[in-house]
S.K.: 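Before anything else, here's the structure in question.
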Amino acid sequence: QVQLVESGGGLVQAGGSLRLSCAASGRTFSNYAMGWFRQAPGKEREFVARIRWSGDYTYYTDSVKGRFTISRDNAKNTVTLQMDNLKPEDTAVYYCAADSRLDLRVTGAIPYWGKGTLVTVSS
């Protein structure tokens, strides 16, 4: 089994930055694709970014392209989401996810999730 723990959330003013981290344990970290999702109040959980287990491919939802960067450090068993130029609409609980595949499967098929970290962006 895989355990995921997110950290780094907080309150930031619009235009500011935050760096989220996800620490993974339980299985060989380097063999798992990783990703970030978020869920705003009253909204469905949505995909934000993902990275292959090899780290050679990343993908972002359109609303965060050019502002967010996902990366991984297999030696430290961590995945990071660097969030720059934050906007109020980025306010949400951010979740780390993992899958024992080269890349993440569809959201409903992803087997491992963290418990989330809250990001609040003020106007």
Side-chain angles (χ1 to χ4, degrees):
Q1 194 77 325
V2 173
Q3 294 80 46
L4 305 174
V5 180
E6 304 97 334
S7 63
L11 175 64
V12 65
Q13 187 172 289
S17 298
L18 283 174
R19 184 173 182 268
L20 305 183
S21 293
C22 174
S25 62
R27 296 259 182 174
T28 304
F29 178 76
S30 61
N31 290 335
Y32 284 78
M34 305 290 293
W36 289 93
F37 293 74
R38 66 187 181 187
Q39 187 166 20
K43 302 289 186 178
E44 297 272 297
R45 184 174 298 189
E46 67 170 339
F47 166 79
V48 176
R50 68 177 187 260
I51 185 168
R52 288 181 176 177
W53 67 263
S54 60
D56 65 345
Y57 178 81
T58 58
Y59 187 81
Y60 304 87
T61 191
D62 287 344
S63 62
V64 308
K65 287 180 179 177
R67 301 188 298 118
F68 291 10
T69 303
I70 187 171
S71 61
R72 66 191 300 157
D73 186 338
N74 291 344
K76 297 180 179 179
N77 291 343
T78 58
V79 173
T80 297
L81 185 68
Q82 177 66 42
M83 305 185 295
D84 297 319
N85 192 24
L86 284 161
K87 303 176 180 180
E89 52 262 42
D90 294 319
T91 295
V93 175
Y94 283 70
Y95 298 90
C96 180
D99 202 355
S100 57
R101 300 288 190 277
L102 176 65
D103 205 351
L104 291 177
R105 288 173 283 182
V106 295
T107 305
I110 297 173
Y112 307 113
W113 296 87
K115 294 182 179 180
T117 185
L118 178 62
V119 171
T120 303
V121 184
S122 62
S123 299

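When reading the values below, keep in mind they use all heavy atoms of this one structure, side chains included, and skip hydrogens, waters and symmetry mates.
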S.K.: Is it the case that more than 12 heavy atoms not belonging to Y60 sit under 6.0 Å from its OH atom?
M.R.: yes
S.K.: For a side chain to side chain contact (heavy atoms under 4.5 Å, CB included) check, start with the C-alpha distance between L20 and T80, then their side-chain angles and the critical distance, and finish with the verdict.
M.R.: CA-CA 6 Å; L20 305 183; T80 297; over 6 Å; no
S.K.: Which heavy atom in L18 sits nearest to a heavy atom in L86, and how many Å separate them?
M.R.: N-CD1, 3.8 Å
S.K.: Nearest 0.5 Å please: distance from the CH2 atom of W36 over to the CG atom of L104.
M.R.: 12.5 Å
S.K.: Within 45 degrees of the axis of the six-membered ring of F37 and under 6.0 Å from its centre: does R45 put its NZ or CZ there?
M.R.: no
S.K.: Taking the basic N atoms (NZ, or NE/NH1/NH2) and the acidic carboxylate oxygens, is any pair closer than 4.0 Å for E46 and R38?
M.R.: yes
S.K.: I'd like to know if the side chain of Q13 reaches the main chain of S122, judged simply by a donor and an acceptor atom lying under 3.5 Å from each other, with no hydrogens or angles considered.
M.R.: no
S.K.: Is it the case that the side chain of Q82 and the backbone of T69 share a donor-acceptor pair, with hydrogens and angles ignored and the cut-off at 3.5 Å?
M.R.: no
S.K.: Enter the distance from S25:OG to Q3:CD here, rounded to the nearest 0.5 Å.
M.R.: 4.5 Å
S.K.: Run the numbers on Y32 and V2 for side chain to side chain contact (heavy atoms under 4.5 Å, CB included), then give the verdict.
M.R.: CA-CA 10 Å; Y32 284 78; V2 173; 3.6 Å; yes
S.K.: A quick test of your reading: do over 12 heavy atoms of other residues, nucleotides or ligands sit less than 6.0 Å from CD of E89?
M.R.: yes
S.K.: Would a distance-only check, ignoring hydrogens and angles, find a side-chain to backbone donor-acceptor pair under 3.5 Å from D99 to R105?
M.R.: yes
S.K.: Looking only at non-hydrogen atoms, find the nearest pair between G116 and V93 and report the distance.
M.R.: CA-CG1, 3.8 Å
S.K.: Determine the minimum heavy-atom distance between V64 and V48, stating which atoms define it.
M.R.: CG2-O, 3.8 Å
S.K.: Work out which heavy atom in G8 is nearest to a heavy atom in T117; give both atom names and the distance.
M.R.: N-OG1, 4.2 Å
S.K.: Taking atom CG of L81 and atom CZ of R50, what is their separation to the nearest 0.5 Å?
M.R.: 14.0 Å
S.K.: I need the W53 CH2 to N31 CG distance, nearest 0.5 Å.
M.R.: 6.5 Å
S.K.: How many angstroms lie between OG1 in T107 and CZ in F47, if you round to the nearest 0.5 Å?
M.R.: 8.0 Å
S.K.: Apply side chain to side chain contact (heavy atoms under 4.5 Å, CB included) to residues M83 and V119 and explain how you reach the verdict.
M.R.: CA-CA 10 Å; M83 305 185 295; V119 171; 3.8 Å; yes
S.K.: Is a side-chain donor or acceptor of T78 paired with a backbone partner of A23 at a separation under 3.5 angstrom?
M.R.: no
S.K.: For C22 and M34, which heavy atoms make the closest approach, and how far apart are they?
M.R.: SG-CE, 4.0 Å
S.K.: Please check if atom CZ in R19 has more than 12 non-hydrogen atoms from other residues, nucleotides or ligands closer than 6.0 Å.
M.R.: no
S.K.: Is any side-chain heavy atom of Y95 closer than 4.5 Å to one of K115?
M.R.: no
S.K.: With rounding to the nearest 0.5 angstrom, report the CG to CG distance, N77 to L4.
M.R.: 11.0 Å
S.K.: Do you know which two heavy atoms are closest between G35 and I70, and how far apart they sit?
M.R.: CA-CD1, 4.2 Å
S.K.: Do R67 and K87 have side chains that approach each other closer than 4.5 Å (heavy atoms only, starting at C-beta)?
M.R.: yes
S.K.: Do D84 and S17 have a side chain donor and acceptor closer than 3.5 Å?
M.R.: yes
S.K.: Inspect the contact between D62 and K65 and indicate whether a charged nitrogen and a carboxylate oxygen are less than 4.0 angstrom apart.
M.R.: yes
S.K.: Do L118 and W113 belong to the same hydrophobic cluster, where Ile, Leu, Val, Met, Phe, Trp and Tyr are linked whenever their side-chain heavy atoms lie under 4.5 Å apart, directly or via other members?
M.R.: yes
S.K.: How are the rings of F68 and Y94 set relative to one another: parallel (under 30°), tilted (30 to 60°) or perpendicular (over 60°)?
M.R.: tilted
